2 protein chains.
Amino acid sequence: MASADAPYPVQEIADAWERERPGMPVSSIGIVTPLWQLAKLLGDDRRRVLARAGVDTATLDLLSVLRRAGTPYTLSTRELAARSMVTAGAISQRVARAEREGLVVRRPGEGRPRTVWVELTPAGHTLVEETVDRVLHRETELVSGLKPDQQEQLADLLKLLLQDVQTRLGDDRITQVGE
Amino acid sequence: MASADAPYPVQEIADAWERERPGMPVSSIGIVTPLWQLAKLLGDDRRRVLARAGVDTATLDLLSVLRRAGTPYTLSTRELAARSMVTAGAISQRVARAEREGLVVRRPGEGRPRTVWVELTPAGHTLVEETVDRVLHRETELVSGLKPDQQEQLADLLKLLLQDVQTRLGDDRITQVGE
DNA sequence: AGGCCTAAATTTAGGTCTGAACGTATGACG
DNA sequence: CGTCATACGTTCAGACCTAAATTTAGGCCT
């Protein structure tokens, strides 16, 4: 039972709203919907790829962030939360699970007040090395349907949109939406 | 405690892997990472917008699919699963929750063997009408940083990539990844 | 006609996330 | 120098999802 086999056509969604509720602003659907569907498809696929290696995506994300940081493969939980885009609570739980499996260790203290440092263990390092290139190869393959210049164009537009959305959210967070 | 405030720069991720593991295929990162980050940012925002209206995203998704289908606002659970891109089990739970709140009703039988029809109630219909345009206005606003021709270009590229990834997953599902 | 098989929904077990409540140590300030 | 405010990690309750086990209603074959 795969979770996401055949995304419902984006155009039909916009058309349906236009038909059912004429006048609705449907322009964003052409961007937001495929964006969401792609994220779902790619996320599901990554989960399946990693499941074969006995890891889950949340744990690999944690290990990857630490691995990418370079020696000594250590970051504070706050840094981890920011780079992973999840809440502090989620990081606490991720770290607890990974620690239980011996992939990271927590070292309290030794820095700013109340800071907890999280460090990759050799086992964690090994696991990352074994799985990350599988994921990257797989994803390179999955986007290979686009020609190099299309990939570049897409990456540029996504980057632009991301930066813009980011600043908007930073500003608007408090502002009421609608009226 | 917002969950996703400041995405970690995509370029730094690719650079870090190139530095830590020279030779890794990093080209997909420029697409997959911002895609994922945007989906997260937009999803978190939608959740916040809907929370104010007392709905969760999963329930609104269910109601929206039914509403878009038009009169008589009824679909089978299988149809719902396909259009929502989640498993049958998830649909079962979504419907159970929505039914508990009086937003939909389940009508067993009346068709092909073992089919269960799910229908929007007046309360569900009302809730959808009240919230959908809030979401669409908000999302229109969020993508408005891109100029109309950029939006169109982005929508086209996403559509192209989505179609391609979709066929690849349909074919490759069984194929081993890596070696 | 009876029993098996299959398809479809549901239930269950396990894992993850958010948001809020909690505990606590540090630093500031009187 | 003691108290209080604050910042930060953790814990907890509530939702949600997937994958696998379970249930059940028909259909089919002998």
Side-chain angles (χ1 to χ4, degrees), chain A residues 1-5 36 39-41 43-52 54-62 75-82 84-101 104-118 173, chain B residues 1-5 36 39-41 43-52 54-62 75-82 84-101 103-104 106-118 173:
Chain A
M1 288 308 143
S3 55
D5 291 290
W36 162 252
K40 177 84 166 94
L41 248 20
D44 284 354
D45 187 72
R46 180 182 285 197
R47 178 156 31 74
R48 279 189 295 266
V49 169
L50 290 177
R52 294 200 198 109
V55 215
D56 59 81
T57 55
T59 300
L60 185 71
D61 185 49
L62 172 67
L75 290 171
S76 65
T77 54
R78 194 153 59 274
E79 220 6 70
L80 287 171
S84 306
M85 299 178 73
V86 295
T87 60
I91 288 297
S92 220
Q93 297 174 58
R94 283 186 180 187
V95 171
R97 285 192 298 270
E99 188 169 43
R100 217 180 298 134
E101 299 177 57
V104 302
V105 291
R106 245 186 289 213
R107 285 193 288 99
E110 292 193 34
R112 328 212 158 293
R114 302 277 351 105
T115 291
V116 172
W117 296 98
V118 179
R173 188 64 57 79
Chain B
M1 290 305 145
S3 55
D5 291 290
W36 162 251
K40 178 84 166 91
L41 248 22
D44 284 354
D45 187 71
R46 179 182 285 197
R47 178 155 32 75
R48 280 189 294 266
V49 169
L50 290 177
R52 293 199 199 109
V55 215
D56 58 81
T57 55
T59 300
L60 185 72
D61 185 49
L62 172 66
L75 289 171
S76 66
T77 53
R78 196 152 57 273
E79 218 11 67
L80 287 171
S84 306
M85 297 179 74
V86 295
T87 60
I91 288 296
S92 221
Q93 295 174 62
R94 282 186 180 187
V95 171
R97 285 191 299 268
E99 189 168 43
R100 217 180 299 134
E101 297 177 59
L103 302 171
V104 301
R106 247 186 288 213
R107 285 193 289 99
E110 292 194 33
R112 328 213 158 292
R114 301 284 344 109
T115 292
V116 171
W117 296 98
V118 180
R173 187 65 56 80

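These numbers come from the heavy atoms of this one structure, side chains and all, not from hydrogens, waters or symmetry mates. Being a predicted model, the structure only gives us computed values, none of them experimental.
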Colleague: With a 4.0 Å cut-off, would you call B:Lys40 and B:Asp44 a salt bridge?
Modeller: yes

Colleague: To the side chain of A:Thr87, which of C:dG19, D:dG9, C:dT16 is closest?
Modeller: C:dG19

Colleague: Quick one: closest heavy-atom pair of A:Val55 and A:Leu60, and the distance?
Modeller: CG1-N, 4.2 Å

Colleague: To the nearest angstrom, how far is A:Ile91 atom CD1 from C:dG19 atom P?
Modeller: 15 Å

Colleague: Please state whether the phosphate of D:dG9, meaning OP1 or OP2, lies under 4.0 angstrom from any side-chain nitrogen or oxygen of A:Ser92.
Modeller: no

Colleague: Given D:dA19, is OP1 or OP2 found less than 4.0 Å from the side-chain N or O atoms of A:Arg48?
Modeller: no

Colleague: Can you tell me the distance, in whole Å, between the CG atom of A:Leu75 and the P atom of D:dG9?
Modeller: 12 Å

Colleague: Rounded to whole Å, how long is the line connecting atom CZ of B:Arg52 with atom C1' of C:dT18?
Modeller: 16 Å

Colleague: Any base atoms under 4.0 Å from A:Ala90, or only sugar-phosphate, or nothing? Heavy atoms, all strands.
Modeller: base

Colleague: Answer yes or no: does a side-chain N or O of A:Arg47 lie under 4.0 Å from OP1 or OP2 of D:dA19?
Modeller: yes

Colleague: Quick one: does any side-chain atom of A:Ser92 pair with a main-chain N or O of A:Ala88 as donor and acceptor, under 3.5 Å?
Modeller: no

Colleague: Choose from D:dG9, D:dT18, C:dA9 the nucleotide whose nearest atom is closest to any side-chain atom of B:Thr77.
Modeller: C:dA9

Colleague: Inspect the contact between B:Arg97 and B:Asp56 and indicate whether a charged nitrogen and a carboxylate oxygen are less than 4.0 angstrom apart.
Modeller: no

Colleague: A:Arg46 has an atom CZ; how far is it from atom P of D:dC17, in whole Å?
Modeller: 21 Å

Colleague: State which of D:dT18, D:dC17, C:dT18 makes the closest approach to the side chain of B:Lys40.
Modeller: C:dT18

Colleague: Closest nucleotide of DNA chain C for B:Glu79 versus for B:Gln93: which of these residues is on the 5' side?
Modeller: B:Glu79

Colleague: Rounded to whole angstrom units, what separation is found between the CG atom of A:Asp45 and the P atom of D:dA19?
Modeller: 12 Å

Colleague: Between D:dT18, C:dG19, D:dA15, which one does the side chain of B:Val86 approach most closely?
Modeller: D:dT18

Colleague: Nearest of D:dT10, D:dC12, C:dT16 to any side-chain atom of A:Ala88?
Modeller: D:dT10

Colleague: I need the CG-P distance between B:Leu50 and C:dG19, as an integer number of Å.
Modeller: 13 Å

Colleague: Please check the phosphate of D:dC16 (OP1 and OP2 only) for any side-chain N or O of B:Arg97 closer than 4.0 Å.
Modeller: yes

Colleague: In whole angstrom, what separates B:Arg78's CZ from C:dA7's C1'?
Modeller: 8 Å

Colleague: Rounding to an integer number of Å, can you tell me how far B:Met85 CE sits from D:dC16 P?
Modeller: 19 Å

Colleague: Looking only at heavy atoms, which two atoms of A:Ala98 and A:Leu62 are closest? And how far apart?
Modeller: CB-CD2, 3.8 Å

